[in-house]
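Here it is: the structure, laid out below.
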Number of protein chains: 4
Amino acid sequence: MCRWLAYSGSPVNLEDLLFKPAHSLVKQSRHARLGSEEMNGDGFGVGWYSRRRPRPGLFHSTHPAWNDRNLRELSALTWSRLVFAHVRASTGAAVQQTNCHPFRQDHWLWMHNGLIRDFPTVKRDLACSVAPDLFSLIEGSTDSELFFHLALTFGMKDDPPAGVAAAVRFIEDTGRQHGIEYPVQMTVATTDGETTWAFRYSSEGASRSLFRSVDISAVRSMHADDSFLEDLSADAHLIVSEPLGDLEGAWEEIPESSCLVVHGPDAEILPFAPLAA
Amino acid sequence: MCRWLAYSGSPVNLEDLLFKPAHSLVKQSRHARLGSEEMNGDGFGVGWYSRRRPRPGLFHSTHPAWNDRNLRELSALTWSRLVFAHVRASTGAAVQQTNCHPFRQDHWLWMHNGLIRDFPTVKRDLACSVAPDLFSLIEGSTDSELFFHLALTFGMKDDPPAGVAAAVRFIEDTGRQHGIEYPVQMTVATTDGETTWAFRYSSEGASRSLFRSVDISAVRSMHADDSFLEDLSADAHLIVSEPLGDLEGAWEEIPESSCLVVHGPDAEILPFAPLAA
Amino acid sequence: MCRWLAYSGSPVNLEDLLFKPAHSLVKQSRHARLGSEEMNGDGFGVGWYSRRRPRPGLFHSTHPAWNDRNLRELSALTWSRLVFAHVRASTGAAVQQTNCHPFRQDHWLWMHNGLIRDFPTVKRDLACSVAPDLFSLIEGSTDSELFFHLALTFGMKDDPPAGVAAAVRFIEDTGRQHGIEYPVQMTVATTDGETTWAFRYSSEGASRSLFRSVDISAVRSMHADDSFLEDLSADAHLIVSEPLGDLEGAWEEIPESSCLVVHGPDAEILPFAPLAA
Amino acid sequence: MCRWLAYSGSPVNLEDLLFKPAHSLVKQSRHARLGSEEMNGDGFGVGWYSRRRPRPGLFHSTHPAWNDRNLRELSALTWSRLVFAHVRASTGAAVQQTNCHPFRQDHWLWMHNGLIRDFPTVKRDLACSVAPDLFSLIEGSTDSELFFHLALTFGMKDDPPAGVAAAVRFIEDTGRQHGIEYPVQMTVATTDGETTWAFRYSSEGASRSLFRSVDISAVRSMHADDSFLEDLSADAHLIVSEPLGDLEGAWEEIPESSCLVVHGPDAEILPFAPLAA
């Protein structure tokens, strides 16, 4: 199990975003409250976009987020309008920077909570289906990075929901050929630097938790003392594995088998299912 | 809060000792059951003695013990008759190898669970009381390493209980000059490679937990299915922050304000108090 | 031996500054050309100022600069008007983040190439002379960080050249009491975020190399094809352990026993000597 | 370029083996004398066999060998009759523990100096030819680890020279299909814990350097003052990328296109060529 967060909106300071909320992502690295594993201490990663360059920056570390000084330093002096952050609990793959989310290709980022079940069994079939020009760009050994490159292989850059749906279908088909009943468990976020797509899906219909912030200006007027929300712009969107605080009315669960699309101030929820055969 | 373990007896394999018990020290690094902080993920250390060289080996890492592959590898091929191991939860000092326990001088080892309260306030007075020839041997920034060097300054190599008692007295006196009510909280283990001394003490009389294994042969005959105990020799001694399993009768709490002395098959518990003025 | 660089001027991209020059600081971490030790692979550090917060950011790593991905990532998306960077060759102290330069107190930075000779011999006398409120802020074990805190003790924040001169005098006096002929070898840079002071001095009068960029607009007009210089603003100042390229006329050696003061577009060189008794 | 060492003989202390020779492997990590790249600071690894367990231990680190304290500690208290050690200079793949040599499967070890040319171009074709049960055991991203798994796929465990010859042939064929003239550059060592096979080969017939110790007892009688050789048993064999000292008559170059086989006190050199089609 992992925990992640995707932010878009006016430029936010990363220390405010990652450390200051009552139940911040960094606190979740020590004490997650939802899900099966309360600790996410097997490394972390942050991806952020600058207005000056299309390619986002990545900071990956194999240390727990809660005691990494460089994360705190970098965060204190970085502002960004689009941020992905992820704290990792390994499901078996090595603790190394190339296994830390978010993963990047060109100006795209990808992060994942969940797993491809019985990954050692299906890994070869999946890997050898990645497009030849993408194969050697895989740097780590996780199911999540391979999933990303399958989605890219299946056209994600042109149509993200379709590319992800095709990849999920392919992983499910491959898994079932190997006798795996529920091959996919996922909450995934991906972005091209402009639009963010967040997916909640699992083969068994019991997916890991996923929430989004509701209209922040409305909530803010009711809860004048929540300093973190006050600083967020009215058009900010947060998508999170679990809420960053206990403020009633601030968070809304994203339904099973759906895809949240966020573009600027707009957000919509679409149904999501593996691509039909 | 930290967790530690001191073993002496017939040579034991470190993987058996550190990983295999039901509630092993490595498991305690994720989920300690006693004490205020359940996670000890801010680095760890192992010190072990070989018959061939007087100076013990040290393996220190800033990664959590539960995901450090080198610890597992080293443990699998190392046997030792005297082992100190420690998983750390930082109380403020940096996560770095020189802050990992056990600490070493010559053939002595030292490890500590607890703290010197308001350490920044008293650090200078304490540090500048360390003997000149020992001062520059301090490599890290913890209260625990400084405590060790104070005990050495006060003659610990000649008489460990007296040296520690004098150091505790000095730390308490110094703390109280700065208005600190309860300056010392400690369980400490130290060894010269032959004898192990384990102390349980706190200025407030409410010390961190400390246990020792009781007569292992007696326990073993009653619980034939506990594979870890079966492998231990009859003369083995284990001193631990918390029991490695739930076996009734296997563990005995070490009383407040006492010092357990283990030498070969023998063990005795002495009262311990800061040196009288 | 270490290598360092101090930049001030219009905001510069850190990747341009640290990686792109023909003989960049990151290249110097592998192959320094001046000085006794050609490799500086024992960690590195970068300190940079943002317009939005007075306290600079710090990125410290124990890996060699040439293979640290996070340094490259952070650099690619960071622009700053005042940057300190340092690649380290340990003279004995542990390779750990708290021993990486630059060091920071409040909004001040400090970095050092050189050493306090026979440091273990004089460390206690020097450390116990640090002001009580500063003592516990020392986090690492280097001579360089202690030197910084001595300069702060001797009033560096009010008058940097005087504070450094008093610290040098004190270190020389202390060293000579212990029979050390040439106690100090230094090139040092320090800044409050507005002004940079760079010192070149050694007790033996044979100091490590130190250079500064000469008037960049003049040089630029003569060498139109040096892309790195082209990007620098006319008022930029670079102070470096060794030149970043072989461009004739671009670099000027800073004389022995002097202090270069850079403030905005202005720079002046003052004589520097240990404070007279 | 990397540097490696393979030892077999009477149990040797690892500190004596890796640190003490005049031009030890750890010194080679800073200053190699032969070959194109003098520094091997991108991590290292040691594999060693114990008499008590068939599977060798592995210690991998991403820090340079010259400043890794744990390597020194582990070495000081470890004796082994069969040791592989490797210092790495990355040719592109990430600096991470899973990219450090030696690699292990069951009781086999493998290490490599050289490269598969244009590896990104051929990686997918090579990887997807690895046997299905071996594919998911690949943990890192290097050409060297993939080469190992190809040799295993081609039967190396049954007949090491034949398995390696078939893998080399397959890599050369694959490379040439992609227009790569000289696909393979290698010195490789592999062992099952009893016998060591060392290969020197390159497609262009200009392989990286490889040496072996000649009869140690004879050499020892002539050079009474070389303390490292004195400690070695008469039946010891050392195979090295470059000699550990300048002792005349102590080292012999292994010819191009050959395979040295060492078993107990015996050694023989066989011709080596890629398997004929």
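Order of the sequence lines sets the chain letters (A, B, ...), proteins ahead of strands, with each chain counted from 1.
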Exercise. Below 4.5 Å from any heavy atom of chain A, which atoms of C:S75 appear? Answer side chain, backbone, both or neither.
Key: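 Neither part; nothing is under 4.5 Å.
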Practice problem: Answer whether the closest heavy-atom distance between the side chains of A:N70 and C:N70 falls below 4.5 Å. | Solution: no
Quiz prompt | A:L77 and C:R55, any side-chain heavy atoms less than 4.5 Å apart | solution = no
Exercise. Hey, could you give me the CZ/CD distance between C:R69 and A:E139, rounded to the nearest 0.5 Å?
Key: 4.0 Å
Quiz prompt | C:E73 side-chain N/O to A:L58 backbone N/O, donor-acceptor pair under 3.5 Å | solution =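 Such a contact is found between C:E73 side chain and A:L58 backbone.
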Quiz item: Is it the backbone or the side chain of C:W79 that comes under 4.5 Å from a heavy atom of chain A, or both, or neither?
Solution: side chain
Practice problem: For the residue pair C:Q97 and A:D68, establish whether any side-chain heavy-atom pair is separated by less than 4.5 Å. | Solution: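 Side-chain contact under 4.5 Å: no.
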Quiz item: Can you say whether C:R51 sits under 4.5 Å from chain A via the side chain, the backbone, both, or neither, judging by heavy atoms?
Solution: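 Neither part.
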